[in-house]
Amino acid sequence: MPRTSSLVAFLTPWIPLAVHALHNFQDKCLSFTPEASIYNSSRHVLAYVAAGTNLSLPDNDPTCAQASQLVSVNICRVALSIPTTNRSSISFELWLPEDWSHRFLVTGNGGIDGCTKYVDLAYTTQHGFASVGSNNGHNGTTAITMYHNPDVVTDFAWRSLHTITVAGKTLTNLFYDEKYRRSYYLGCSLGGRQGIKAAEMFPGDFDGIVAGSPALDFNNLQSWRASFFPITGPANSSAFISTASWTTLIHDEVLSQCDGLDGVIDGIIEDPNLCSFRPEALLCDKNTSTTCLTSTQVEMVREIFSPFYGEDGDLIYPAMQPGSEILAAENLYAGKPFSYSESWFKYVVYDPSWNAATFNIHDAAVAEALNPSNIRTWPDNLSAFQKNGGKVLLFHGGQDNQITSFDTERFYNFFSRATQTTSDELDNFLRFFRVPGMFHCNSGPGGWVIGQGGGASAKGVPFESANNVLAAVVQWVENGTAVKDIVGTKFVNDSVDLGVDFQHRHCK
Ligand SMILES: *[C@@H]1O[C@H](CO)[C@@H](O)[C@H](O)[C@H]1NC(C)=O
Ligand SMILES: *[C@@H]1O[C@H](CO)[C@@H](O)[C@H](O)[C@H]1NC(C)=O
Ligand SMILES: *[C@@H]1O[C@H](CO)[C@@H](O)[C@H](O)[C@H]1NC(C)=O
Ligand SMILES: *[C@@H]1O[C@H](CO)[C@@H](O)[C@H](O)[C@H]1NC(C)=O
Ligand SMILES: *[C@@H]1O[C@H](CO)[C@@H](O)[C@H](O)[C@H]1NC(C)=O
Ligand SMILES: *[C@@H]1O[C@H](CO)[C@@H](O)[C@H](O)[C@H]1NC(C)=O
Ligand SMILES: *[C@@H]1O[C@H](CO)[C@@H](O)[C@H](O)[C@H]1NC(C)=O
Ligand SMILES: *[C@@H]1O[C@H](CO)[C@@H](O)[C@H](O)[C@H]1NC(C)=O
Ligand SMILES: *[C@@H]1O[C@H](CO)[C@@H](O)[C@H](O)[C@H]1NC(C)=O
Ligand SMILES: [Ca+2]
């Protein structure tokens, strides 16, 4: 039967080939021995994860609030424990996509946490990066394990990120049996700080860095955040300003004074520098009312929107920018200690008996003088990174509720003065984009979806330099073409499925 045999002859080489390709990657994954190449490491997970898997993360600390992650491409998942010293170790994750772009990427952390950013691992592997993440040397959202253990603080300050970068590069090259071509970093908040710290300390680690809403000047940032609780007092105190007053009364007044300064009434304060908010406009008249503030409360609001000065009269941290009230009311002005600052003072600066209600500018001086493991992160020189051809894309939301965007402006200007570099010259390796109407790292009334990380909106914008900060830094590094602006997208009710509401161009 010549017809059948030729059909069989035609088909046999094809069907097994497709199956073989799949098995090849899966087999390659399962026969990998990553722990053999990383000094003193031990294997926690080695697994092939097929596209579409809803990966369960039973070991992720419950306070990290992420028990699962949807994985949209085939990957080989490696999880190791890597000791950094005899009393600290890192939980390391490396996700190796089957469809690899020859790019390597490291993800950062947030807050004061030890939470691996699985959303960013999923987001970046989806775009072909071999991606690394970690718990930054401890688990969960407090600093408890840093108490009396400076090794954990060192991991948190810089060593974890550098360790996982070195280990990740080694393993990526081994796994694919080819050297990665370029190395990238993506992080926001604490993660933004980690990126700048890496550029300062390990200028060869990354070719391109995306640093969002960075927690720069870290000691002073913790002090600034700690300063609000003594101002607001506890939630049951008589003068306490309720969340409702912040989110409606005060926020509405901020908008009525400042939204229109940019010519458009849209809930977005285009340039918060132009908004010099006058809370006295809300002062109650002689007849008390619920839609106004007492003199004491007005003074509180004025203090919250003022720069924070220290014992010597020098600036500790710039003022909170107006426009951030809705979310800031839920954390910084909630009438309780701000958890990250409280944890930092209790377990790193002082001891667990410390009372956040007593915070004052002397505590700020103590924290800044301690500067454990030089966590500060306020570089006045990144010349080694720049000489390597490294590029940094900085961004910060203009209505940030956790780290005032005025601080990143302050850093940009400081760095320009310290290095005697004009903005035009800085543009060759460091560009800063303000994202009006963005809260902390994401969300807000503005066009805030800019490809800054994983999460619900990540799939909404194409991976193109015009509207994605990661794609923009890749193009800058690989093609030498830097973007002048980033188009940010706002989806209807922040839901990609409901379609695009509007897009705004964010300038450097
Ligand atoms: C993944 O699984 C978890 C729990 O099993 C579930 O809550 C979550 O909705 C699932 N995610 C997706 C995208 O299906
Ligand atoms: C690495 O392992 C060796 C041998 O087991 C041990 O002596 C050494 O202390 C370990 N180093 C670290 C950093 O854990
Ligand atoms: C850990 O290593 C340090 C030196 O790096 C040493 O002084 C200390 O005794 C070691 N501790 C333990 C428990 O082995
Ligand atoms: C963090 O959690 C993982 C998973 O439970 C555990 O293996 C690891 O030892 C923990 N790390 C630290 C520093 O406690
Ligand atoms: C407020 O609450 C704290 C404890 O939460 C309590 O110690 C204090 O007495 C309360 N103050 C007032 C004025 O009710
Ligand atoms: C206070 O209320 C009274 C009675 O409604 C009114 O006559 C008076 O004008 C009010 N005072 C001020 C300062 O608004
Ligand atoms: C920056 O650092 C480099 C090398 O570390 C040094 O050569 C240079 O002088 C420094 N620049 C300034 C302005 O201090
Ligand atoms: C770089 O430029 C080439 C040629 O224009 C283009 O094919 C490639 O996609 C670009 N790569 C990036 C990362 O933009
Ligand atoms: C968006 O949210 C608002 C307020 O919750 C709601 O009224 C509106 O119907 C939503 N729009 C759509 C298209 O779902
Ligand atoms: Ca406006």
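Start at 1 and go down the list; that is how both ligands and their atoms are numbered. Excluded from the calculations below are hydrogen atoms, water molecules and symmetry mates; all remaining heavy atoms, backbone and side chain alike, are included.
Residues F129 and W95 keep their aromatic ring centres 6.0 Å or farther apart. If you look at F395 and F433, their ring centroids are not closer than 6.0 Å.
Less than 4.0 angstrom separates atom 14 (O) of ligand 4 from at least one non-hydrogen atom of the protein. Distance check for atom 11 (N) of ligand 7: a protein heavy atom is found below 4.0 Å. In this structure, atom 2 (O) of ligand 7 is in close contact with the protein, since a protein heavy atom lies within 4.0 Å of it.
Of all protein heavy atoms, the one lying nearest to atom 7 (O) of ligand 4 is H44 CE1, 4.6 Å. From the protein, the heavy atom lying nearest to atom 5 (O) of ligand 4 is D59 O, 3.9 Å. At the top of the distance list for atom 6 (C) of ligand 9, counting protein heavy atoms only, stands N493 ND2, 4.1 Å.
A donor-acceptor contact under 3.5 angstrom links the side chains of D205 and H162, judged on distance only. Residues W378 and N220 bring no donor and acceptor atom of their side chains to less than 3.5 Å of each other. Checking D351 against S353 by side-chain atom types alone, a donor-acceptor pair falls below 3.5 Å.
The backbone N or O of N374 sits less than 3.5 Å from a side-chain atom of K197, completing a donor-acceptor pair.
Ligand 7 is never approached by A384 to a heavy-atom distance shorter than 4.0 Å.
In summary, the atoms of ligand 7 found under 4.0 Å from a heavy atom of S383, numbered by their order in the structure, are 1 (C), 2 (O), 3 (C), 4 (C). Numbered from 1 in the order shown, with element, the atoms of ligand 7 that lie under 4.0 Å from a heavy atom of N381 read 1 (C), 2 (O), 3 (C), 8 (C), 10 (C), 11 (N), 12 (C), 14 (O).
By the criterion of a heavy-atom distance under 4.0 Å, the side chain of N139, and not its backbone, is placed next to ligand 4.
The aromatic rings of F206 and Y185 lie tilted to each other, with the angle between the two planes from 30° to 60°.
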